[in-house]
J.: 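Right, I'll just put the structure down here and ask away after.
A quick note: this is a predicted structure, and the numbers were derived from the prediction, not measured.
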Amino acid sequence: RLWRVALLVLGGPAWQALLLAAGAKGKRFAMPHSRILIHQPMGGAMGSSVEVTIQATELSRNLRVVCKLYSEFTGKDEDFIREEIDRDNFLSPAQAIEMGLIDQVLD
């Protein structure tokens with residue numbers, strides 16, 4: 001059975017944007033004061049050169065997966081998504097609607 005869950009962003013940034021974008025169309029909301037952060041996967045590679053290589057490979061894979069998911073959820077091209085998440089990108093609710101992350105701003 002498929003559950004349809006309504007999602008609402010109340011405030012601060014985190015990986016909430018990907019979860020929010022994955023919500024059922026028409027049920028993705030934000031409050032007017034919200035900021036929605038989209039960004040690439042982050043890492044902090046440490047250890048031997050082999051470990052750093054493993055972590056870098058995983059980060060690259062995660063970036064591809066995240067871009068693919070955002071693309072599926074928003075209808076935006078993966079190259080466009082990659083550019084948008086290259087650095088921290090704080091979106092207003094209006095920008096998030098334009099990006100396809102949310103459907104409506106609640107008053």
J.: Checking H39 against R87 for the side-chain contact (heavy atoms from CB on, under 4.5 Å) test, could you report, in this order, the C-alpha distance in whole Å, the side-chain angles of both residues, the deciding distance, and whether it holds?
T.: CA-CA 6 Å; H39 58 86; R87 298 283 183 257; over 6 Å; no
J.: Quick check: is L63 connected to L101 through a chain of hydrophobic side chains (ILVMFWY, heavy atoms under 4.5 Å apart)?
T.: yes
J.: Show which side-chain atoms of residues 41-52 pair as donor or acceptor with protein atoms under 3.5 Å away, not counting sequence neighbours.
T.:
residue : atom : partner : partner atom : Å
S48     : OG   : E51     : N            : 3.3

J.: As an exercise, state the distance from CD1 of I102 to CG of L91, rounded to the nearest 0.5 Å.
T.: 9.0 Å
J.: What distance separates I81 CD1 from Y70 OH, expressed to the nearest 0.5 Å?
T.: 8.0 Å
J.: Write down the atom of E78, the atom of R64, and the distance for their closest heavy-atom approach.
T.: OE1-O, 4.4 Å
J.: Hey, any chance I54 and L59 share a hydrophobic cluster, counting ILVMFWY side chains that come within less than 4.5 Å of each other, even indirectly?
T.: no
J.: Quick check: closest heavy atoms across A21 and F73, and the distance to 0.1 Å?
T.: O-CB, 3.3 Å
J.: Determine which pairs satisfy side-chain hydrogen bond (donor to acceptor under 3.5 Å, both in side chains) with at least one residue from residues 98-107, sequence neighbours left out, and list them in order.
T.: R28-D103
J.: With hydrophobic residues grouped by side-chain heavy-atom distances under 4.5 Å, do V105 and L20 end up in a single group?
T.: yes
J.: If you round to the nearest 0.5 Å, how far is OG of S60 from CD of Q55?
T.: 12.0 Å
J.: Any chance you could lay out the side-chain contact (heavy atoms from CB on, under 4.5 Å) test for K76 and S71, step after step, and finish with the verdict?
T.: CA-CA 5 Å; K76 303 291 184 190; S71 179; 5.7 Å; no
J.: With sequence neighbours excluded, what pairs up with R61 under the salt bridge (Lys or Arg N to Asp or Glu O under 4.0 Å) test?
T.: E58
J.: Hydrophobic cluster membership, with links at side-chain heavy-atom distances under 4.5 Å among I/L/V/M/F/W/Y: are L69 and I36 in one?
T.: yes
J.: Under the side chain to side chain contact (heavy atoms under 4.5 Å, CB included) test, which residues partner D77, sequence neighbours left out?
T.: D79, F80
J.: Measure across P93 and P32 and return the closest heavy-atom pair with its distance rounded to 0.1 Å.
T.: CG-O, 3.6 Å
J.: Taking side chain to side chain donor-acceptor pair (under 3.5 Å) as the test, write out the residues that go with Q95, two or more places apart.
T.: S92
J.: Please identify each residue that fulfils side chain to side chain donor-acceptor pair (under 3.5 Å) with E84, with sequence neighbours left out.
T.: N89
J.: Under a single-linkage definition using a 4.5 Å side-chain heavy-atom cutoff for Ile, Leu, Val, Met, Phe, Trp and Tyr, are I97 and I85 assigned to the same hydrophobic cluster?
T.: yes
